[in-house]
Amino acid sequence: MKERVPVGLLAVATGIIVVMLAVILGNIVLNGVGWISWEFLTSPPREGMMAGGVYPAIFGTVFLVLLMTVAAVPVGVITAIYLNEYAPPVTAAQVRSKLARARGIEWLAEFWRLVQVYVANVTRTAVTTLAGVPSIVFGLFGLGFFVQFIGAGIDRTLYGGELVFGQPAIIWAALTLALLTLPIIIVATEEALRAVPHDLRDASLALGATKWQTISRVVLPQALPGILTGTILTISRGAGEVAPILFTGAAYFLPHLPTRLNDQFMHLGYHVFILSTQSPNVEKTRPILYATVLVLLVLTFSLNLVGVMIRMRMRKRWRRGR
Amino acid sequence: MGFRQVTDRLAHGMVALVALTAIVAIVLIFVFVFREAMPILTDPGVHREVSLSRLFLPLEQASEGRPFIWQPVGAVPKYSLVPLIIGTLKTTLIAILLAAPLGIGAAVYTSEFAPAGLREWIKPVIELLAGIPSVVLGFFALIVLASWLQRAFGFTARLNATTAGVALALAVIPIIYSVSEDALTAVPQSYREASLALGASAWQTAIRIVVPAALPGVLASLVLGFGRAVGETMIVLMASGNAAITSWNFADSTRTLSATIAAELGEVIFGSPHYRVLFFIGALLFIVTFLLNALGAYIVGRVRRRLMGSE
C-alpha cells in the first residue's frame with residue numbers, strides 16, 4: 001500500500017516529539033540524580049555556589065508559590081463562577097433583538113442583561129489576552145506597577161518615605177505570578193463547572209434554595225476535583241516561571257531565608273539561570289546545576305503530571321456521563 | 001427580603017466585582033508598561049538620546065558603515081532596535097519551521113490514524129512537554145543541545161540563532177499540536193463517513209477532507225505558536241549568545257527583543273532613556289503578541305462556529 005509511507009511519516013513526527021521529551025528528561029535525571037542527597041536538599045549554597053545545597057531556593061520557591069496560590073485561586077475560581085453561573089447564557093445578538101421589541105420596565109431589564117453579556121464577553125477576551133501576554137512583560141508590569149507604584153505608594157503614605165515595600169519583594173513577585181497564572185485556574189474551573197449536570201442545579205433551585213446556596217453547596221462541591229486539578233496546574237506553572245520574577249524579588253544569593261512579605265527570596269528557576277550563565281567554573285558547578293534542575297523538574301513536572309493524569313481521567317468520565 | 005435573599009444578592013454582587021479582576025489586570029498592564037515607555041515620544045530630555053526614528057531608522061552617526069547598532073551603554077548610547085528585531089525573527093522562524101511539521105504532523109496522526117489506545121497516551125505526553133519550565137529548556141539548550149548542534153553543523157559561535165530556535169521549537173510544539181488537534185477533532189464525523197463511503201481511503205479522507213476543513217484552525221495554531229515564540233524569554237536569553245549583530249546569518253550569535261529586557265533591566269538607571277527604551281520594547285512585545293493572539297483566537301472561533309453550526 002503506497003499510503004503507508006505518508007502515514008508512517010506522521011507517526012515519525014509524533015515519535016520525534018515523544019523522543020525529544022524523553023531525551024531531555026532522561027538527560028536531566030541521569031546527570032542530576034547522583035548529586036541529590038539529604039544534605040543537598042537541606043543546606044544553603046557555599047563557596048560562591050560551587051558547593052553546598054539549594055535549601056534556600058526550595059524554601060523561596062515554595063513560599064512564593066504559596067503566596068501566589070492564595071492570591072490567584074480564589075480570584076480565578078470566582079471569575080469562573082461568574083462566567084459560568086451568573087453571566088446570562090445567551091449571545092449579545094439574541095438580547096439585542098429582544099431589546100428592540102421590549103418596552104418600559106421590560107426594556108430596562110433587557111438592557112441590563114445586555115450589559116451583563118457584554119461584561120462577560122469582555123472578561124472572556126481579557127482572560128485569553130492575559131494568557132497570551134509574554135512573561136517578560138509581566139516582569140516589566142510587576143516592576144512598574146507593584147514595586148514602583150503600589151510599593152512606593154505604601155512607603156510614602158505609611159512609612160514616611162522609608163524604603164519598605166517600594167523595592168523588589170516576594171509579595172510583588174507572587175502577585176505578578178498570580179496574574180500570570182490567573183487564566184489557567186479560570187479555564188480549569190470553567191471546564192469543571194460546565195461538567196456539573198444542569199439537573200443538579202434545577203433540583204436544588206426547585207427545592208427552594210437560592211442561587212448562591214445552589215452554587216456554594218451543590219455546584220462547587222461537584223466541581224471540586226476539577227478546581228483542584230486547575231490549582232495543581234497553576235502551581236506547576238507558577239513554580240517554573242523565571243522571567244516575571246527577575247526584577248520583582250528574586251535574589252542571586254541571600255544569607256537568610258525570607259520570612260516577611262517584603263523580603264527578597266532565592267528561587268530554583270532563577271538559581272538554574274544564574275548557575276548556568278554566570279558560573280566562573282562550568283565543569284565544577286555542572287553536577288550542582290543538574291541536581292538543581294532535577295529538583296525544579298520534580299517540583300513542577302511531577303505536579304503537572306499528576307494534574308494532566310487526573311484531568312485525562314475526568315474528561316473520560318465526563319464524556320461517558322453525557 | 002429574608003436573610004437568604006440578602007446573602008444571595010450580596011454574593012452575586014461580590015462575584016461580579018471579583019470577576020472584573022481580569023479586565024482590570026489587562027488595563028493596568030497596558031497602562032503601566034506604556035506609561036514608562038511614553039517619554040520616548042513626549043519628553044525632550046529623553047529625545048536628546050533616543051526617539052522613534054532612532055529606534056527604527058538608520059542612525060546618522062553610523063560607524064564603520066553599520067547603520068543599525070544596539071549599544072545602550074557607552075559614551076554615545078545607540079538604541080537601534082533593528083538588530084534585536086532581526087534576532088527575534090531569526091529565532092522565531094527557526095522555531096516555527098521546526099515545530100510546524102512536527103506539531104501538525106503529530107496532530108493529524110493522533111486525530112486521524114492513531115489507534116484509540118495510543119491516542120489516549122500521545123495527547124497527555126505532548127501536553128507534558130508544555131509543563132517543562134522554559135528555564136529548564138534554556139538550560140538544556142545551553143548545556144547539552146548547543147554542543148550537539150555545534151558538532152553537527154560546525155558552528156563557530158556555540159550559542160546562536162539556530163540553537164535558540166531549536167530550543168524554542170520545543171516550547172512551541174505543544175501549542176501548535178494542541179490547537180491543530182482541537183481543530184481536526186472538531187471536524188464532524190459525518191465528513192469522514194461520507195468520504196469513506198464514496199470509496200476514498202483513510203489517507204485521502206484525512207488529506208483532502210479533514211485537513212482542508214480544519215485548515216483555518218491549523219493556521220491559527222501557527223499564529224498562536226508564533227506569538228508564543230516572539231514573547232518567550234528565558235530560552236533565548238540562555239541559548240542565543242545575546243550578541244546584537246545585524247545579520248541574517250542563522251549561525252551568528254543573536255539577541256532578541258525579549259532577552260534584551262531580561263538582560264538589561266536589572267542594571268539600568270530608573271527613569272533613564274535606556275530604561276524607557278526597555279519598557280518601549282515591552283510595549284512592542286505586548287502589542288505584537290496581543291495582535292497575534294487576537295488573530296489566532298478569531299480564526300479558531302470562526303472555525304468552531306462553522307463546523308459545529310452557530311449556537
Side-chain angles (χ1 to χ4, degrees), chain A residues 3 6-7 9-11 13-14 16-18 20-21 24 27-28 75 78-79 81-83 86 122-123 126-130 132-137 140-141 144-145 149 179 182 186 210-213 236 240-243 246-247 269 272-273 276-277 293 296-297 300-301 304-305 308-309 312, chain B residues 4-5 7-8 11-12 15-16 18-19 21-23 25-26 28-29 32-33 35-36 101-102 105-106 108-110 113 120 122 124-129 131-133 135-136 139-140 142-144 170 173 201 203 227 231-234 238 258 261-262 265-266 279 282 285-286 289-290 293 297:
Chain A
E3 290 180 358
V7 174
L9 280 179
L10 295 181
T14 316
I16 289 176
I17 300 177
V18 176
M20 285 196 297
L21 178 69
I24 296 173
N27 181 278
I28 291 168
V75 174
I78 291 175
T79 306
I81 291 177
Y82 175 77
L83 290 175
Y86 284 111
V122 175
T123 305
V127 172
T128 47
T129 309
L130 206 55
V133 174
S135 53
I136 188 71
V137 174
L140 283 177
F141 168 71
F145 179 68
F149 185 73
L179 287 182
L182 196 58
I186 293 177
T210 63
K211 179 140 193 164
W212 176 244
Q213 285 175 319
S236 156
E241 280 290 340
V242 176
L246 286 174
F247 322 112
V272 168
F273 169 62
S276 42
T277 54
V293 172
L296 175 64
L297 257 192
T300 57
F301 197 76
N304 200 55
L305 185 74
V308 169
M309 299 262 275
M312 195 172 73
Chain B
R4 288 190 326 146
Q5 276 69 28
T7 323
D8 192 49
H12 188 160
V15 167
V18 174
T21 307
I23 300 177
I26 278 297
L28 284 178
I29 291 174
F32 274 84
V33 173
R35 196 182 75 147
E36 299 295 317
L102 291 178
V108 174
Y109 181 72
T110 349
F113 298 105
E120 299 284 335
I122 297 174
V125 164
I126 297 183
E127 273 181 43
L128 280 183
L129 189 57
I132 300 183
V135 71
V136 173
F139 150 84
F140 184 78
L142 173 70
I143 303 289
V144 183
L170 294 169
I173 283 172
S201 68
W203 171 255
E232 175 53 54
T233 306
M234 296 316 287
M238 293 166 83
S258 56
I261 301 175
L265 193 67
F279 269 87
L285 285 177
F286 181 87
T289 50
F290 174 78
N293 288 325

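Computation of the quantities below employed the complete heavy-atom set of this structure, encompassing side-chain atoms and omitting hydrogens, waters and symmetry-equivalent molecules. A, B, ... follow the sequence lines: proteins, then strands. Residue 1 opens every chain.
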Is [X] close to chain B through its backbone or its side chain, or both, or neither, when contacts mean heavy atoms under 4.5 Å?
{"X": "A:Ile16", "result": "side chain"}
{"X": "A:Ile28", "result": "side chain"}
{"X": "A:Leu179", "result": "side chain"}
{"X": "A:Phe247", "result": "side chain"}
{"X": "A:Thr210", "result": "both"}
{"X": "A:Leu130", "result": "both"}
{"X": "A:Leu140", "result": "both"}
{"X": "A:Leu297", "result": "side chain"}
{"X": "A:Leu182", "result": "side chain"}
{"X": "A:Val75", "result": "both"}

Measure the spacing between [atom1] of [X] and [atom2] of [Y] and express it to the nearest 0.5 Å.
{"X": "A:Ile17", "Y": "B:Leu128", "atom1": "CD1", "atom2": "CG", "result": "13.0 Å"}
{"X": "B:Arg4", "Y": "A:Gln213", "atom1": "CZ", "atom2": "CD", "result": "4.5 Å"}
{"X": "A:Thr14", "Y": "B:Tyr109", "atom1": "OG1", "atom2": "OH", "result": "6.5 Å"}

Restricting to non-hydrogen atoms, name the atom on [X] and the atom on [Y] that form the minimum distance, rounded to 0.1 Å.
{"X": "B:Met238", "Y": "A:Val272", "answer": "CE-O, 4.5 Å"}
{"X": "B:Ile26", "Y": "A:Ala126", "answer": "CG1-O, 3.7 Å"}
{"X": "A:Phe141", "Y": "B:Phe32", "answer": "CD1-CB, 4.0 Å"}
{"X": "B:Phe139", "Y": "A:Ser276", "answer": "CD1-CB, 4.5 Å"}
{"X": "B:Val135", "Y": "A:Gly269", "answer": "CG2-O, 3.5 Å"}
{"X": "B:Ala262", "Y": "B:Thr233", "answer": "CB-CG2, 3.6 Å"}

Which bit of [X] is near chain A, if near means a heavy-atom gap under 4.5 Å: side chain, backbone, both or neither?
{"X": "B:Ile173", "result": "side chain"}
{"X": "B:Ala297", "result": "neither"}
{"X": "B:Val125", "result": "both"}
{"X": "B:Pro124", "result": "both"}

Could you have a look at [options] and say which one has the most heavy-atom pairs with chain B under 4.5 angstrom?
{"options": "A:Leu305, A:Val18, A:Leu83, A:Thr129", "answer": "A:Thr129"}
{"options": "A:Tyr86, A:Trp212, A:Phe273", "answer": "A:Tyr86"}
{"options": "A:Ile81, A:Thr277, A:Thr123, A:Leu246", "answer": "A:Thr123"}
{"options": "A:Ser135, A:Pro134, A:Gly144", "answer": "A:Pro134"}
{"options": "A:Ile186, A:Leu9, A:Asn27, A:Thr128", "answer": "A:Asn27"}
{"options": "A:Val133, A:Val7, A:Val308, A:Val242", "answer": "A:Val7"}

Worksheet item: Does A:Asn304 use its side chain to pair, donor to acceptor, with the backbone of A:Thr300 at less than 3.5 Å?
Response: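 Not confirmed, A:Asn304 side chain does not pair with A:Thr300 backbone.
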Practice prompt. For the pair B:Glu232 (side chain) and B:Met234 (backbone), establish whether a donor and an acceptor sit closer than 3.5 Å, ignoring hydrogens and angles.
Written response: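 Judged by distance alone, yes, a pair lies under 3.5 Å.
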Worksheet item: Among all residues two or more places apart in sequence or in another chain, which pass the side chain to side chain contact (heavy atoms under 4.5 Å, CB included) test with A:Ala13?
Response: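 Once residues adjacent in sequence are excluded, the partners of A:Ala13 under the side chain to side chain contact (heavy atoms under 4.5 Å, CB included) criterion are B:Leu102.
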Most heavy-atom pairs under 4.5 angstrom with chain A, which of [options]?
{"options": "B:Ile29, B:Val33, B:Leu129, B:Thr7", "value": "B:Ile29"}
{"options": "B:Ala11, B:Gly231, B:Ala22", "value": "B:Ala11"}
{"options": "B:Asn293, B:Ile122, B:Ile261", "value": "B:Ile261"}

Practice prompt. Report the residues that fulfil side-chain hydrogen bond (donor to acceptor under 3.5 Å, both in side chains) with B:Thr110, sequence neighbours left out, ordered by chain and then residue number.
Written response: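 For B:Thr110 the side-chain hydrogen bond (donor to acceptor under 3.5 Å, both in side chains) partners, ignoring immediate neighbours, are B:Tyr177.
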Item to complete: Look at atom CZ of B:Phe113 and say whether more than 12 heavy atoms of other residues, nucleotides or ligands are closer to it than 6.0 Å.
Response: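 Yes, because the 6.0 Å sphere around CZ of B:Phe113 holds more than 12 heavy atoms from other groups.
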